[in-house]
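These notes are about the structure you will find just below.
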Amino acid sequence: MAEKVLLGDEAVALGAIHSGLSNAYGYPGTPSSEIMEYLIKYSRKTEKIHASWCSNEKTAYEDALGVSLAGKRSIVTMKHVGLNVAADPFINSALLKINGGLVIVVADDPGMHSSQDEQDSRFFADFAKVPCFEPVNQQEAYEMTGEAFEVSEKYHVPVMIRLVTRLAHSRAVVVTGEEKEQNRMKKAEDKNTWMLLPALARKQWVTLLGKYEEFKKDSENSPLNPLYLNPDFKKYGVITTGLGKNYYLENMPELSDKPSHLHVGVYPIPEDKIKKLAQHAEKIIVIEEGYPFLESRLRGILKQPVEIEGKMDGKVPPTGELNPDNVRPALGLPVRKALAEVEQLPGRPPQLCQGCPHIDSYNAIKGALASYSESVVTSDIGCYALGALPPYSAIETIICMGASVGTAKGAAEAGLKPAVAVIGDSTFYHSGMTALVDAVAADTPMTLVILDNCIVAMTGGQETIVPTSKLESVIKGLGVDPAHIKTIVPLKKNHEENVEILKKEIAHEGLSVVLSVRECIEETKRRLKKGKGNK
Amino acid sequence: MKFDIILAGVGGQGVLSLAAIIATGAMKDNLKVRQSEVHGMAQRGGAVLSHLRISDSEISSDLVAKGTASLIISMEPLEVLRYVDYLSPDGSVVTASEPFVNIPDYPDIEVIYGKIKKLKNHKIVESLELAKKAGTSRAANMVIIGAASSVLPVSAGSLQAAVEELFSSKGKDVVDINLKAFALGAE
Ligand code: SF4
């Protein structure tokens with residue numbers, strides 16, 4: 001037993017190591033990246049596990065499935081929108097007879113600190129019909145990871161752990177336990193449980209529904225779903241999920257009565273416990289971090305015998321992150337008096353770093369498009385999305401990983417020309433490549449500019465899956481006409497030359513790809529600083 | 001005992017190492033600690049905010065509630081004003097005096113100082129000048145910890161030990177400069 005100060009993300013990573021983890025895969029995404037960073041560091045230091053980034057969340061998940069097939073324990077990490085990408089293998093793998101324990105950790109971002117939506121991954125766990133653990137602090141994150149592996153091997157299902165930003169990125173002391181041995185390699189015995197041919201999948205589906213009944217029973221009996229009943233106070237009861245519990249506890253000392261309380265830490269939802277709580281309360285207040293997942297189940301469509309309050313009637317804010325203040329009105333507590341009010345202040349949004357290569361790329365693209373009365377520039381997910389803000393105002397769409405390529409293609413094919421797509425190197429490998437193949441097939445008149453800063457910058461500087469030196473051969477390999485693959489170096493002194501090259505390619509009545517290559521200056525600094533100097 | 005701190009500044013000013021040092025110091029004094037931060041986009045000149053909670057009993061929430069913070073520590077004066085509603089009625093402010101101007105509409109600095117000076121307990125510290133005196137402008141955040149040390153519920157010895165720990169891998173000179181910056185701030 002030892003004590004360690006860990007981020008929520010790191011607590012999951014260490015929990016996995018101590019549960020006999022063999023392999024770990026993921027794609028960087030705030031707020032989940034630190035899980036893999038911890039595991040990669042550990043694997044480099046000890047060589048006991050294999051941990052590596054992948055091209056995207058789907059390939060990461062499929063790698064983990066292979067590890068499970070071989071009988072070893074694996075973990076896959078991603079942010080919430082990454083699960084959209086990995087949804088296909090995730091949902092289908094619930095029908096397999098998981099062999100080595102497989103745990104998928106998804107970090108949601110309520111409040112959209114660094115994301116394009118606030119989707120709630122509990123819906124995905126429910127959709128796939130697999131158990132989902134939701135820790136409320138670092139200690140639980142550590143312990144639940146171990147439990148998730150046990151459940152995964154006991155029932156032969158993948159198991160989800162759902163984190164949120166506020167837990168992933170906060171630190172506290174974790175008391176750690178024993179380190180378990182890794183599984184030996186032991187191939188899955190029955191291949192009929194790993195081939196989802198319709199005839200076999202139909203059987204597996206029935207099996208999964210049977211397992212689901214067991215998950216429900218376990219939820220009812222789990223100490224992670226504690227129910228406190230106060231027979232002397234019936235005015236209202238409280239249900240919390242996720243970090244809602246912490247904010248409830250924070251305010252509890254101010255409540256005049258002690259209401260009955262159910263906290264849900266593991267899913268499926270423990271329905272009997274909710275029924276018991278309802279017998280002790282005329283009203284139920286639901287405080288959950290994320291979408292009103294549990295609340296919507298409680299409400300159903302027809303009138304309820306018990307009054308329900310929560311996000312769906314606005315008693316708890318339906319958008320953004322919960323905090324110790326915004327749960328107070330639902331609990332009937334007044335706003336606390338502060339020493340001073342916050343006045344209207346100018347914001348300080350994140351900006352492209354001074355000297356960032358993207359600045360010169362955007363200036364060149366704007367220069368090249370200046371003579372057209374109409375054009376469109378689609379963009380993507382990464383630092384370069386900050387090109388949306390003044391003084392650049394250089395881009396018009398930001399949707400999801402890889403979307404810039406297909407969106408420009410569709411726009412061009414609808415007659416909106418010239419169409420330019422900009423995408424980062426890592427985002428291109430993540431999910432821009434397949435769309436480029438579509439554009440090659442159609443020889444769509446559009447220009448793809450790959451902003452190659454030689455690193456995954458926005459999430460803190462992870463290595464791109466394929467180094468810059470190979471990018472051009474990848475583009476050629478996808479079938480782009482070599483005469484219309486150009487490379488520029490985005491620097492102020494090259495501006496005129498870069499504008500000319502871009503102009504020519506934009507005017508070309510077919511597909512062209514321009515590689516704009518210069519290292520992220522933050523990465524350059526990190527490289528130079530490594531191991532020396534004051535921080 | 002419960003002592004909640006809001007730490008503020010701009011990405012790159014060392015706000016998170018500041019939080020780490022206070023947290024480490026508090027743990028050396030056997031106190032319980034929770035520290036929350038939002039990273040990611042914040043690396044590029046954006047506002048940075050960290051919540052640090054210190055207590056001798058269990059802490060539930062990672063976030064400080066409005067109107068309950070004992071202290072705001074900021075590496076930048078404008079950033080103080082963004083979070084004053086977190087301060088409890090007798091809360092304090094310790095801030096660096098130097099404005100970090102990377103936005104076009106940065107307000108008049110004198111107006112900002114005026115508003116900070118209206119708060120009950122405030123300390124505006126010439127952190128850059130003192131850091132240079134210690135040996136490097138990059139130790140400005142250590143000056144600020146020094147300046148806050150009289151208000152913090154953590155012993156000066158534990159804070160200094162935490163500073164040493166954080167910089168030990170960078171050699172004795174770096175440790176000494178940072179300790180000197182701490183001492184100058186504390187004066
Ligand atoms: S981190 Fe790198 S890529 Fe991102 S804005 Fe800064 S210099 Fe540009």
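First the proteins, then the strands, lettered A, B, ... as listed; each starts at 1.
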Heavy-atom contact with chain A under 4.5 Å, split by part of B/Glu76: side chain
From B/Ser60 OG over to A/Tyr248 OH, what is the distance, rounded to the nearest 0.5 angstrom? 11.5 Å
Tell me every residue that passes salt bridge (charged side-chain N to carboxylate O under 4.0 Å, His left out) with B/Glu129, counting only those two or more places apart in sequence or in another chain. none
Intermediate values then yes/no, side-chain contact (heavy atoms from CB on, under 4.5 Å), A/Glu341 and B/Val84: CA-CA 6 Å; A/Glu341 301 281 304; B/Val84 283; over 6 Å; no
To the nearest 0.5 angstrom, please state how far the OG1 atom of B/Thr68 sits from the CZ atom of A/Arg336. 5.5 Å
Atom group of B/Lys118 that falls short of 4.5 Å from chain A, counting heavy atoms: neither
Could you give all pairs that pass the salt bridge (charged side-chain N to carboxylate O under 4.0 Å, His left out) test and reach residues 79-107 of chain B, with sequence neighbours left out? A/Arg348-B/Glu79, B/Lys66-B/Asp85, B/Glu79-B/Arg82
Side chain, backbone, both or neither of B/Asp173 within contact of chain A (heavy atoms, under 4.5 Å): neither
Answer yes or no: is there a donor N or O on one side and an acceptor on the other, between the side chain of B/Gln35 and the main chain of A/Leu7, under 3.5 Å? no
Distance check, rounded to the nearest 0.5 Å: B/Arg34 atom CZ versus A/Ser170 atom OG? 5.5 Å
Look up atom CG in B/Asp62 and atom OG1 in A/Thr165, then write down how far apart they are to the nearest 0.5 Å. 11.5 Å
How long is the straight-line distance from NE2 of A/His169 back to OG of B/Ser50, given to the nearest 0.5 Å? 12.0 Å
Given A/Pro324, A/Pro31, A/Gly8, the one with more heavy-atom pairs under 4.5 angstrom with chain B than any other is A/Pro324
Looking at A/Glu250 and B/Arg53, is there a salt bridge between them, counting it only when a charged N and a carboxylate O are closer than 4.0 Å? yes
For residues B/Leu63 and A/Tyr247, report the shortest heavy-atom separation together with the two atoms involved. CD1-OH, 3.4 Å
Tell me, for B/Val33 versus chain A, whether the close heavy atoms (under 4.5 Å) come from the side chain, the backbone, both or neither. backbone
Side chain, backbone, both or neither: which part of A/Asn323 has a heavy atom under 4.5 Å from chain B? both
Interatomic distance, B/Ser61 atom OG to A/Lys245 atom NZ [nearest 0.5 angstrom]: 13.0 Å
